[in-house]
Amino acid sequence: MRHLPNLKDLTATEIRDILGRAAVIKDRPEDFRSLLAAQSLAMLFQKTSTRTRVSFEVAMTELGGHAIYVDWTTSNFVLSGIDYETEYLSRNVSCIMARLMHHEDLQTITDSSLVPVINGCDEKFHPCQALTDLLTVTEHHQGDLDDAHIVYVGVQNNVSNSLVIICDKLGVPLTLATPDSDDNGESLDADVQEIVRSSGIINHNPDPSAAVKDASFVYTDTWVDMQYFNNPDFADEKEARVQQMLPYQINEKLLDGIDCKVMHDMPIHDGYEISTSMVRDPRSIIFDQAENRLHAQKGLLWWLYEQAGTI
Ligand code: CP
């Protein structure tokens with residue numbers, strides 16, 4: 001059975017198929033009102049979310065199905081084995097989406113589930129975000145994607161890992177403008193590091209000013225993962241990270257004269273990874289990108305349900 005843990009096992013053709021379906025549903029949503037009639041999606045959350053929760057729930061509703069929010073802390077996932085709780089869930093619903101702290105727990109869920117499992121973001125990967133990002137780049141880029149140049153400015157993390165995987169598969173040039181000393185330990189992934197080392201189109205450049213000079217898209221994300229941002233125990237580490245990362249802030253000075261689109265997967269921490277004015281700069285496509293979570297989710301659900309033979 002096909003799952004979506006991290007995009008690694010998808011071919012370029014399959015990714016293009018998902019993105020194509022997303023574009024079709026975005027263009028003609030009324031034609032797909034019954035696509036997932038009588039289907040239920042369990043959305044399991046161990047961490048906070050706005051976009052992932054809303055876009056999957058609205059996607060299921062608009063496709064004729066139903067989504068169930070399962071809060072990890074008030075469910076019996078906190079008391080029992082992840083495998084037992086997952087098998088129970090999968091005997092009730094036809095798909096599971098999970099946002100978890102640890103990728104290894106996502107692995108346990110995929111191993112225990114009788115239905116397809118979607119990774120809704122963990123410490124290593126954010127595959128649904130990467131699909132959305134490439135849908136957005138496709139819409140905003142004139143010409144072939146191999147002419148586009150995405151520059152990710154910030155810290156190496158789950159979002160940059162998934163961008164590396166999808167850009168490598170689709171042949172989209174990507175530069176990671178992240179510090180040399182960036183060792184965001186829990187998100188490091190050996191396969192992603194190998195792609196950055198060996199790919200001809202994925203590069204690392206620790207100098208953000210040099211990296212953005214010929215960018216068509218400049219992309220940033222939070223410098224501190226969501227579960228740590230307001231955590232008092234992480235305050236000293238957060239302050240050190242902010243001081244290290246200030247030269248990597250997306251602001252008017254960094255993008256002065258650069259003809260690019262500005263992307264951010266949200267939630268935004270303005271004054272940190274991006275200045276307030278850049279969020280609303282004419283070059284910003286941040287809200288188009290965020291809206292595309294809904295359309296990308298629909299394309300993914302369509303593809304995954306068809307792979308499972310459910311529809
Ligand atoms: N980009 C994203 O995953 O947003 P949420 O954390 O709000 O779901």
Side-chain angles (χ1 to χ4, degrees), residues 4-7 18-19 22 41-61 67-73 95-103 105-106 117-137 139-140 150 152-167 184 186-187 217-231 234 238 250 261-270 272-274 278-279 284-301:
L4 192 82
N6 50 32
L7 298 173
I18 294 169
L19 297 179
L41 168 76
M43 308 188 300
L44 177 61
F45 282 93
Q46 208 176 25
K47 298 199 284 186
T48 58
S49 170
T50 305
R51 276 142 294 278
T52 303
R53 176 179 177 178
V54 169
S55 59
F56 269 106
E57 188 160 340
V58 173
M60 285 303 289
T61 301
I68 306 161
Y69 176 75
V70 183
D71 172 20
W72 182 279
T73 59
C95 190
I96 296 172
M97 185 276 293
R99 166 166 288 194
L100 304 179
M101 307 285 273
H102 303 296
H103 191 65
D105 289 340
L106 194 278
V117 174
I118 299 169
N119 183 352
C121 184
D122 57 37
E123 88 284 22
K124 286 190 187 300
F125 306 107
H126 199 348
C128 300
Q129 185 64 52
L131 289 168
T132 299
D133 298 339
L134 268 293
L135 177 65
T136 310
V137 166
E139 289 174 347
H140 285 271
I150 303 172
Y152 173 90
V153 181
V155 293
Q156 176 274 323
N157 63 9
N158 45 15
V159 168
S160 68
N161 284 349
S162 292
L163 268 182
V164 166
I165 294 168
I166 201 166
C167 286
N184 197 7
E186 66 177 10
S187 66
F217 297 88
V218 174
Y219 190 141
T220 191
D221 183 27
T222 183
W223 294 336
V224 178
D225 282 354
M226 58 178 70
Q227 64 269 36
Y228 302 124
F229 202 86
N230 294 323
N231 182 345
F234 195 76
K238 177 181 165 188
I250 303 299
K261 305 291 185 193
V262 174
M263 300 176 71
H264 189 309
D265 57 310
M266 303 179 82
I268 292 163
H269 308 92
D270 49 357
Y272 289 89
E273 70 271 5
I274 189 165
M278 286 310 300
V279 176
S284 168
I285 55 169
I286 291 171
F287 289 93
D288 291 347
Q289 178 187 5
E291 182 200 313
N292 272 342
R293 287 298 301 272
L294 172 63
H295 311 298
Q297 255 55 297
K298 288 180 178 175
L300 172 63
L301 288 164

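Since the structure is predicted, the reported quantities are computational estimates derived from the model, not experimental observations. Note that ligands are numbered from 1 as they come in the structure, with each ligand's atoms numbered from 1 the same way.
Close approach to Arg293 involves these atoms of ligand 1, each under 4.0 Å from a residue heavy atom: 1 (N), 2 (C), 3 (O). Against a heavy-atom cut-off of under 4.0 Å, Asp265 is close to the following atoms of ligand 1: 1 (N).
Ser284 places none of its side-chain heavy atoms less than 4.5 Å from the side chain of Met278. Ile165 places a side-chain heavy atom less than 4.5 Å from the side chain of Phe125. You'll find the side chain of Asp122 stays beyond 4.5 Å of the side chain of Asn6, heavy atoms only.
For atom 7 (O) of ligand 1, the nearest non-hydrogen atom of the protein is Thr50 N, 2.7 Å. If you check which protein heavy atom lies closest to atom 6 (O) of ligand 1, you get Arg99 NH1, 2.8 Å. Nearest protein heavy-atom neighbour of atom 4 (O) of ligand 1: Arg51 NE, 3.0 Å.
The salt bridge (charged side-chain N to carboxylate O under 4.0 Å, His left out) check on Arg53 picks up Glu57, with sequence neighbours excluded.
Of the heavy atoms in Met266, only backbone atoms (N, CA, C, O) come closer than 4.0 Å to ligand 1.
Judged purely by distance below 3.5 Å, without hydrogens or angles, the side chains of Gln289 and Thr132 never pair a donor atom with an acceptor atom.
Close N/O approach between His126 and ligand 1 is found [any backbone or side-chain N/O within under 3.5 Å]. Looking at Arg53 next to ligand 1, no N or O pair under 3.5 Å apart turns up.
Asp221 places no side-chain N or O within 3.5 Å of a backbone atom of Asp265 that could act as its donor or acceptor partner.
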